[in-house]
Amino acid sequence: MKTDWKRKLTSRKLWVSVCSFASLLIMAAGGTESEAAQAASIIMAGATVVGYVVGEGLADAAGTGSGRDRETEDGGRE
């Protein structure tokens with residue numbers, strides 16, 4: 001069975017689980033709540049970037065064979 005990494009990396013459940021694990025690990029190691037919250041924020045920011053990059057990559061791959069340019073948000077062409 002092949003693992004669908006694109007789907008896994010864009011899963012909110014995965015990133016919430018990673019944040020929870022990291023936060024609890026920090027707290028168990030004697031860190032403060034502030035440090036745990038900071039680590040969770042960094043992880044979620046990274047997850048947002050990963051989700052965006054994977055999503056854009058999939059959109060670009062789907063549009064490759066269409067023969068037309070995608071319009072950017074500012075109205076220009078890519």
Side-chain angles (χ1 to χ4, degrees):
M1 185 166 124
K2 187 176 176 183
T3 302
D4 185 4
W5 286 105
K6 290 176 189 171
R7 195 171 121 212
K8 294 235 185 255
L9 289 175
T10 57
S11 166
R12 289 177 296 212
K13 290 177 187 176
L14 168 73
W15 292 108
V16 168
S17 298
V18 169
C19 281
S20 176
F21 177 75
S23 296
L24 292 172
L25 195 60
I26 289 169
M27 295 294 289
T32 64
E33 285 185 39
S34 177
E35 292 170 333
Q38 231 175 1
S41 296
I42 292 168
I43 291 168
M44 288 310 291
T48 302
V49 171
V50 168
Y52 178 79
V53 169
V54 170
E56 283 296 308
L58 292 172
D60 289 346
T64 300
S66 68
R68 61 185 179 132
D69 292 335
R70 271 189 351 145
E71 289 190 26
T72 60
E73 291 178 15
D74 62 0
R77 297 264 184 219
E78 284 188 341

ILVMFWY network linking V18 to M27, side-chain heavy atoms under 4.5 angstrom: no
Output yes when a side-chain donor or acceptor of S20 lies under 3.5 Å from a complementary backbone atom of V16, and no otherwise. no
Quick check on the hydrophobic clustering: are I42 and W15 connected, directly or via other members, by side-chain heavy-atom contacts under 4.5 Å? no
Considering all heavy atoms, the nearest A40-S23 contact: CB-OG, 3.7 Å
Using a side-chain heavy atom cutoff under 4.5 Å and only I, L, V, M, F, W and Y, what cluster partners does F21 have? L25
Which residues pass the side chain to side chain contact (heavy atoms under 4.5 Å, CB included) test with E35, sequence neighbours left out? I26, T32
